[in-house]
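In this text, all values refer to a predicted model and were calculated from it rather than measured experimentally. The sequence lines fix the lettering, A, B, ..., with proteins before strands; numbering per chain opens at 1.
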2 protein chains.
Amino acid sequence: MLRLSKLTDYAVVVLVRLSQSAEVQTSPGIAAATGIPEPTVAKVLKTLAARGFVASQRGAHGGYRLARPLAGIAIAEVIGAIDGPIALTACVDGANAGCDVLQVCPVRGRWDPVNAAIREALAAISLEDMQLASVSRPFHIVSLARPAASTSPVPVVE
Amino acid sequence: MLRLSKLTDYAVVVLVRLSQSAEVQTSPGIAAATGIPEPTVAKVLKTLAARGFVASQRGAHGGYRLARPLAGIAIAEVIGAIDGPIALTACVDGANAGCDVLQVCPVRGRWDPVNAAIREALAAISLEDMQLASVSRPFHIVSLARPAASTSPVPVVE
DNA sequence: CCAATCAGGACTGCTTAAGTCCTGTTAGCG
DNA sequence: CGCTAACAGGACTTAAGCAGTCCTGATTGG
């Protein structure tokens with residue numbers, strides 16, 4: 001499915017949430033605001049803090065705040081921080097030892113341009129872009145992969 | 001990791017292999033040539049046949065052959081056929097009912113431009129492109145995600 | 001008629017991510 | 001000075017998805 005991990009999705013949600021206030025916010029507070037389970041929020045925030053996306057304040061009345069503006073954070077960075085390097089197959093990134101079909105694989109290493117293309121596409125979109133899209137447009141998911149199956153009525157929030 | 005399923009990787013290998021001969025090729029033969037386990041090759045081929053990428057000939061002396069030229073097959077198509085639609089998160093493609101944080105999620109549906117960007121990138125690369133790259137360039141995997149950690153000595157094939 | 005081959009599905013084991021919990025450290029406040 | 005609120009960091013458990021295998025049936029050439 002070319003699936004992204006949920007943690008990365010959560011990270012984006014949390015970062016956008018943090019951007020909505022200059023004050024420090026606690027992980028329980030963010031959990032309540034986003035609906036994401038508190039331990040999971042804490043886990044994501046710790047990772048984000050370790051990677052320098054957010055700054056933490058320990059002790060009573062502590063919490064987290066953004067360390068960098070949303071506009072300066074590319075999706076690719078968040079994915080790289082949470083999910084690891086962007087690489088579609090295990091063949092790349094030097095871990096070739098585990099590939100049994102290496103000797104005869106006709107496309108080995110050829111995913112590189114594909115990976116590069118995806119990386120570029122993800123580097124060109126910042127979190128602010130996603131947030132702006134959220135404001136300017138309502139919620140429509142048609143014209144994507146599937147021809148708008150629309151199984152369930154989607155509640156549009158303006 | 002933004003990982004692609006192995007089956008998709010296999011599908012690409014198998015398709016490229018099929019392109020190297022106009023004759024029908026049996027799944028055991030392809031398995032032997034590619035190093036991929038035979039049942040897995042058969043599984044991939046069945047899917048590819050169902051999606052119209054390859055044509056099958058049943059009975060004795062049967063086998064598979066390409067139904068379309070490599071140049072006309074985009075990576076995105078193969079991924080879509082094997083892995084399902086290209087969508088990074090479960091929020092898209094109409095399956096919104098399962099998202100618990102839907103009501104408060106500030107970026108819901110905002111992955112759409114990201115998905116679209118990736119889809120475009122993958123639609124622009126054909127299997128022939130990957131094959132050509134394989135011919136024109138040797139095997140070097142550096143200058144990718146990681147700064148060439150080179151934990152294990154990678155055998156460079158010139 | 002027999003053997004080779006594809007078609008299609010069901011089933012199982014494994015890998016990996018998601019989620020939870022525990023312990024330690026830091027900082028404000030009474 | 002002690003208590004409490006909050007982050008830091010890791011270990012652990014569970015669950016889901018996928019890879020891989022196998023079985024039965026249908027088709028076709030010799």
Specify the angle, to 10°, made by the local axes at the two ends of the helix from dC1(C)-dG30(D) to dG30(C)-dC1(D) when five pairs are taken at each end.
0°
Measure the distance from CD on Gln25(B) to C1' on dT5(C) and round it to the nearest whole Å.
15 Å
Examine dC7(D): is either OP1 or OP2 under 4.0 Å from a nitrogen or oxygen in the side chain of Thr26(A)? Give yes or no.
no
Start at the 5' end of DNA chain C and walk down; is the nucleotide closest to Ala50(B) or to Gln57(A) reached first?
Ala50(B)
Tyr64(A) side chain, from C-beta outward: closest of dA7(C), dA8(D), dT21(D):
dA8(D)
Give every residue pair that meets the salt bridge (Lys or Arg N to Asp or Glu O under 4.0 Å) criterion with at least one member in residues 34-60 of chain B, sequence neighbours excluded.
none
If the cut-off is 4.0 Å, is Ser56(B) near the phosphate of dT5(C), judged by side-chain N/O to OP1 or OP2?
no
With the side chain of Ala60(A) defined as its heavy atoms from C-beta on, choose the nearest nucleotide among dC18(D), dA18(C), dG28(C).
dG28(C)
Indicate yes or no: at least one non-hydrogen side-chain atom of Val114(B) is less than 4.5 angstrom from one of Asp129(A).
no
Could you work out which one of dC6(C), dC18(D), dT21(D) sits closest to the side chain of Pro37(B)?
dT21(D)
Leu7(B) side chain near Thr40(B) side chain, heavy-atom distance below 4.5 Å:
yes
Is there a side-chain contact between Ile82(B) and Leu48(B), using heavy atoms and a 4.5 Å cut-off?
yes
For a 4.5 angstrom cut-off between non-hydrogen side-chain atoms, does Val16(A) reach Met130(A)?
no
Lys46(B) atom NZ is separated from dG25(D) atom P, nearest whole Å, by 15 Å
The answer to which of Gly59(A) and Leu4(A) contacts DNA chain C further toward the 5' end, by nearest nucleotide, is Leu4(A)
Tell me the interatomic distance from Arg51(A), atom CZ, to dG9(D), atom P, rounded to whole angstroms.
12 Å
Expressed as a whole number of angstroms, how long is the span from Ile36(A):CD1 to dG19(C):P?
9 Å
In whole angstrom, give the distance that lies between atom CG of Leu45(B) and atom P of dA19(D).
16 Å
Quick check: is Leu70(B) connected to Leu18(B) through a chain of hydrophobic side chains (ILVMFWY, heavy atoms under 4.5 Å apart)?
yes
Whether Arg68(B) side chain and Ile73(B) backbone form a donor-acceptor pair below 3.5 Å:
no
How close or far is atom C1' of dG8(C) from atom CG of Leu48(B), stated in whole angstroms?
15 Å
Please report the distance, rounded to the nearest Å, between NZ in Lys43(A) and C1' in dC7(D).
16 Å
Would you say Ser27(B) reaches dC6(C)'s phosphate, i.e. side-chain N/O to OP1/OP2 under 4.0 Å?
yes
I'd like to know if Arg58(A) reaches the base of dA27(C) with its side chain, counting only an N/O donor and acceptor under 3.5 Å.
no
With a 4.5 Å cut-off on side-chain heavy atoms, are Trp111(A) and Leu4(B) touching?
yes
Roughly, in whole Å, what's the span from OH in Tyr10(B) to C1' in dG20(D)?
9 Å
Does His61(A) have a side-chain nitrogen or oxygen under 4.0 Å from the phosphate oxygens OP1 or OP2 of dC29(C)?
yes
